[in-house]
Amino acid sequence: MTHQPHSAMKTTIHAIKIISVSLAGAAITAMALVMLTETVMRYVFTDPLGWNISAVERIFMPMSVFLALPWLYLTAGQVSAELVYDKLPAAWRTGARLIGHVLLLLIAAALTYGGMVTVIDSFALGDAPPPGSSEIPIATWIWQLSQPVGCAALLVVAVLDTPNVIAARPSIDADAMGGDES
């Protein structure tokens with residue numbers, strides 16, 4: 001008897017995955033467009049943007065990393081130690097898989113919590129770049145949201161996928177958009 005995941009769970013995981021990769025892709029596209037615009041403005045019009053470095057390093061790079069986490073998890077796009085894992089005895093593989101999953105859950109929870117603390121503190125303090133600085137003039141908490149949002153989405157997907165990890169089955173929806181089909 002094969003295990004069929006609950007349809008609502010599969011739909012939820014698939015939706016998180018699509019939103020995750022779409023937002024991360026939008027961040028990467030925006031980053032490329034800002035860098036291209038800066039290059040044109042600097043070398044064609046000799047009038048650099050001034051805020052481009054801040055936008056790339058504070059907004060688009062973290063967004064592209066944190067918001068892609070659920071998609072990376074489900075498609076096995078992260079760095080893995082399969083070379084070592086495949087050489088372990090079967091019983092050790094089970095233990096390694098479970099320990100790795102528990103660590104993933106703990107780290108995702110810690111990053112979600114830590115990110116939310118930072119966002120809440122930033123919001124409470126009214127943190128924003130000073131007027132006239134080379135920073136994009138938006139409240140700091142807005143761009144800080146990518147960490148807790150991306151990590152919370154990863155946590156949700158990993159929790160829902162736990163039965164598959166325990167049973168050594170592929171992740172739900174892993175084969176969509178270039179994932180592992182084994």
Side-chain angles (χ1 to χ4, degrees), residues 6 8-39 41-42 47-80 98-163 165 171-173 177:
H6 186 265
M9 182 173 24
K10 187 171 183 172
T11 301
T12 301
I13 288 175
H14 184 72
I16 291 171
K17 180 179 176 181
I18 297 303
I19 291 167
S20 165
V21 74
S22 298
L23 290 174
I28 291 169
T29 302
M31 184 170 34
L33 290 173
V34 165
M35 292 180 345
L36 176 64
T37 303
E38 167 60 18
T39 302
M41 293 301 293
R42 178 176 297 273
D47 188 20
L49 298 174
W51 50 264
N52 60 302
I53 294 172
S54 168
V56 167
E57 73 181 18
R58 289 181 175 252
I59 299 171
F60 301 128
M61 286 179 123
M63 283 177 71
S64 67
V65 171
F66 288 115
L67 296 177
L69 290 175
W71 177 78
L72 287 168
Y73 171 81
L74 289 167
T75 59
Q78 76 282 4
V79 175
S80 63
L98 295 175
I99 289 168
H101 193 71
V102 168
L103 287 174
L104 171 72
L105 293 171
L106 292 173
I107 291 168
L111 286 171
T112 300
Y113 175 78
M116 280 311 300
V117 167
T118 300
V119 167
I120 291 166
D121 287 349
S122 190
F123 179 80
L125 294 171
D127 192 20
S133 72
S134 63
E135 307 278 329
I136 292 186
I138 60 172
T140 306
W141 68 269
I142 294 171
W143 56 262
Q144 290 173 334
L145 274 172
S146 65
Q147 177 184 338
V149 168
C151 292
L154 170 63
L155 184 60
V156 168
V157 167
V159 166
L160 293 175
D161 194 47
T162 298
V165 172
S171 295
I172 295 172
D173 201 39
M177 294 180 63

* Any side-chain heavy atom of V56 within less than 4.5 Å of one from V34? -> yes

* Out of curiosity, E38 CD to L33 CG, how far, rounded to the nearest 0.5 Å? -> 13.5 Å

* **Between CD1 on residue I53 and CE on residue M35, distance to nearest 0.5 Å** => 11.0 Å

* To do: Please work out which of the three classes, parallel, tilted or perpendicular, describes the rings of F123 and W141, given edges at 30° and 60°.
  => perpendicular

* For the atom pair CG (L105) and NE2 (H101), what is the distance rounded to the nearest 0.5 Å? -> 4.0 Å

* Atom OG of S54 and atom CG of L49: how far apart are they, to the nearest 0.5 Å? -> 11.5 Å

* Structure fact -> When rounded to the nearest 0.5 Å, the distance separating CG of L145 from CG of L67 is 9.5 Å

* What are the two closest heavy atoms between P70 and S20, and how far apart are they? -> CD-OG, 3.4 Å

* Asked: Is the side chain of Q147 donor-acceptor paired with the backbone N or O of F66 at a distance under 3.5 Å, no angle test?
  -> no

* Find out whether D161 and Y73 are in side-chain contact, i.e. whether some heavy atom of one side chain is under 4.5 Å from a heavy atom of the other. => yes

* Just by distance, with hydrogens left out, do Q144 and S122 show a side-chain donor and acceptor under 3.5 Å apart? -> yes

* **Any donor-acceptor pair under 3.5 Å from S64 side chain to A24 backbone** => no

* Closest heavy-atom contact between I138 and P129? -> O-CD, 3.2 Å

* Above 12 or not: heavy atoms from other molecules or residues under 6.0 Å from CE of M61? -> no

* Give me the one residue out of D121, I120, V119 that meets side chain to side chain contact (heavy atoms under 4.5 Å, CB included) with V117. => D121

* Structure fact -> One should read off an interatomic distance between L154 CG and L74 CG, to the nearest 0.5 angstrom, of 8.5 Å

* Hey, could you give me each pair passing salt bridge (Lys or Arg N to Asp or Glu O under 4.0 Å) that has a residue in residues 127-153? Not counting sequence neighbours. => R58-E135

* Asked: Between P163 and V159, which heavy-atom pair has the shortest distance, and what is it?
  -> CD-O, 4.1 Å

